[in-house]
Structures are given as C-alpha cells and as structure tokens.
Amino acid sequence: MKLSERVKYLKQSLTRQLFDMAQGMPNVIDLTLGDPDILPDEAIRNAACEAVMAGRTRYSPNAGLPALRDAVASFNTKRYGLQVEPSEVVVTVGGMEAVYLLLSCLAEDGDEVIIPAPYWINYVQMTQICGATPVIVPSYEENGFAVTADELEKAVSPRSKVLIINTPNNPTGRVIGKEKLHEIAKFAIKHDLFVISDEVYRSLIYDGKKHSSISTMPGMQGRCAVVDSMSKRFSMTGYRLGYAIAPSELAVCMTRMQENVAACAPLPSQYAALKAYKENLECEDILVEFSQRRAAILEGIKSIPQLGLSNIDGTFYAFVNISKCRMNSYDFACELLKKRQVAVVPGRTYGDEYDHYIRIAFTLCCEQLHEAIARMKAFIDEDLHVNA
Ligand code: PMP
C-alpha cells in the first residue's frame, strides 16, 4: 500500500494521546479534552430523541436545514450585531468541519496559511491536508499571548492567503480586544488575506467582558468567515454540530464541498439545535458553573508556587507555566499521569515554543478540580522534589 504524501503529515495529537493513555486507568482525573461533563438542556435532548422517533433521520440539504440556517442568522444578528443572511450560513459537522471546509475552499498547493501560536493543532494539520503550508507566528505570555501586527508582518509573503484568528483562545483562554483586532484587520486588508475567525468559545467569557469579532472591523466584509459551534454554547459536543458564516460566494463553494465530504450534518442534531436557538436554551448555568471552576483553578494553581498562570479571560482552559519544574511538557504530563493519575495536555502540542506549559481543561466539577490540584502539588513537591 502506498499512502499519500499528505497523510504522512498526520500525527495523533498529544491531546488524544494523553486522553487515550488515561482511558481505563483507575481513579484517574482526566482534564485533557475540551469536552465538558455538563448535559445539554433537557429540551435539547428531547428534541433529538423526538427527531429520531419521528423518522427525521434522513439527509438534509447540504448547507443544513433552512429553518436552522434562519435561526442561526437571526441569533447572530440579535446577539452579536452581525449582519447575517441565512444564505451565508453553512451548517457543518462541528466547528471542526467548518474550519476544514473553509480551508479546503481557500487554500491549496503553494499557498501559505498564517497561524498564530499557541494554536489548536487541527489548524496546522488541516492546512497540510489541503496541500498548503502553515506559517506559525508565536506569541508570548508577557504580551498576554496576543500576536501583534508587527509580528504578523514578518510572517507574510507573496504566497500568504489565509490568516486564522481564534478568540477566545484555545489553549491560552485569552481574548483579543477590539483594538488588537482592529490592527490585525488592517494587516489582513493590506496583504489581501482572507481571515478565518474561529469564535467557538465566544459564549464562555468571564467577568462581564464582551466578545469582539474581527468580522465587524471596517473593511472585513467579504474577506472574513466566522466559525461557531453548538458544542460549547449548548454543551452538545457529541452531536457534532457547528457552522460557518461566510460571504455568499464562499458559502456556495463550501456547500459543494460539503456534498463531497459529509453530505450534511446529522439531522437529529440539527433539529436539537433548532430547538436550542428557537427557545434560547443556552443555559446561563453553564457560564456560572465554568466561572466557579475557573476560580477554583486560578486559586488552586496560585497555591502551587512552582506553577504559573496568568488570567483566564474565556474558554475552559488554563495554560499553566511549568518552567520552574525543569521538565519538558511531555514528560511532565506522562509522569503526572503515571504517578498521580491526573491527565493534562503537554504544551508542545500547541507549538514548539510551549514545551514549558501544560493545558488543563476544567471540564470536571470543582470537587474533582480541587483533588487534581492537590495531586499536582503532591507530584511537584514529593515526586519531582522541586522547591518553591
Ligand atoms: N476550534 C477550536 C479552537 C476548538 O478548540 C474546537 C474544539 N476543540 C473546535 C474549533 C471545534 O469544535 P467542534 O467541532 O466540537 O465544534
């Protein structure tokens, strides 16, 4: 068998690797995947069951149920002030497939895709699947993990075609403010780049901070697509539902691509999401619960002097600095799992510069998080013998 050259780029992410290692381990606290333990609202679950029992289990149009595209468009207009037509909405198999369809419609052999780091590893691998080249622009904790237009400027070349922005950010939990986004928008316009704005965590922002979308900056119309997901907002990860809002011409191409990739997103999930948008079933409780977990993590990490953590503005991730432990992130994560049964993700998954970080997904209840913190403290003090 001769595999394609492209597929050789594909590696299992360390996120999945650590998750797999944790499976079946007794007494393990698994903080790897961004997959919360919170159930969607009961009405959402009922809507999915009803759709199945009523036989609404066939294909939908490639771009999604018209009623769901309508609901998504009006939600974005009302909630975020985005001017969205239903024809600009393409419903996808998770936000993940929205990113994939966008990249496959925009990038090809010889093109470069600019990806700020730390990054969600799938951006890199999807770019490679499309035959394009990822160009990584690192950002640093001292600057709040925000890339500047100057740094982006250094990465640009005549081959640059797409820029990916992710706010709130996985893995850092930081949000990019309006002014920075404005700067980045000007940069994209100057170099005629198309921007994929991944905003799947925009429902999870703390301390009353407001989300800003680069798509609303002057001059971005026609050169930007927003990616969102039902996974985090409604806690519907396994329903595999997301969408892109893209300029009509691109939405048409994505729909054609969708016909060849998945045909459509799962229909019972689309009915469940329709219910969620129509009845506004985004539970307030999700944000309240995550705010409490975030406080537990911020306080807990602060109580371990060998670890460092700057603020978490949004998402359910903490990007924790382990440089005082003098151990690379992979060994740290493997040893922590082996010795104390806590599973976290090695920072090097998010870019070469981040081998002195680990990512913690606070997707479990506070009690488990307190226990995880206690175990991490014991690991550092008693197993690694790292002084404070
Ligand atoms: N973008 C980012 C930054 C993510 O972290 C994720 C989920 N881990 C996604 C997109 C896609 O999520 P989903 O496919 O579940 O909507």
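Order of listing sets the numbers, starting from 1, for every ligand and every atom in it. In this text, all values refer to a predicted model and were calculated from it rather than measured experimentally.
If you check which protein heavy atom lies closest to atom 11 (C) of ligand 1, you get M96 N, 3.6 Å. Looking only at protein heavy atoms, the nearest one to atom 6 (C) of ligand 1 is W120 CZ2, 3.5 Å.
Under a 4.0 Å criterion applied to the non-hydrogen atoms of Y123, ligand 1 contributes the atoms 3 (C). The contact set between ligand 1 and S229, taken as ligand atoms under 4.0 Å from a residue heavy atom, comprises 13 (P), 16 (O). Atoms of ligand 1 found under 4.0 Å from any heavy atom of D198, numbered from 1 in the order shown, are 1 (N), 2 (C), 3 (C), 10 (C). The atoms of ligand 1 that sit less than 4.0 Å from any heavy atom of K232 are 7 (C), 8 (N). Remark: ligand 1 atoms within the under-4.0 Å shell around heavy atoms of S231 are 13 (P), 15 (O), 16 (O).
Separation of the F319 and Y350 ring centroids falls under the 6.0 Å cut-off. Checked against a 6.0 Å centroid threshold, the rings of F290 and Y206 do not count as neighbours. The ring of F145 has its center closer than 6.0 angstrom to the ring center of Y357.
No side-chain N or O of S248 forms a donor-acceptor pair with one of E85 less than 3.5 Å apart. No side-chain N or O of D150 forms a donor-acceptor pair with one of T148 less than 3.5 Å apart. A donor-acceptor contact under 3.5 angstrom links the side chains of S329 and D355, judged on distance only.
Under 4.0 angstrom from ligand 1, the non-hydrogen atoms of R240 all belong to its side chain. At a heavy-atom cutoff of 4.0 Å, ligand 1 is contacted by the side chain of N166 but not by its backbone.
Judged by distance alone, with hydrogens and angles left aside, the side-chain atoms of R174 form no donor-acceptor pair with the main-chain N or O of N169 at under 3.5 Å.
Ion pairing between a basic and an acidic side chain is recognised when a charged N comes within 4.0 Å of a carboxylate O; K338 and E335 show such pairing.
Taking only nitrogen or oxygen atoms, main chain and side chain alike, V93 does not reach within less than 3.5 Å of ligand 1. For ligand 1, none of its N or O atoms has an N or O atom of T237 under 3.5 Å away.
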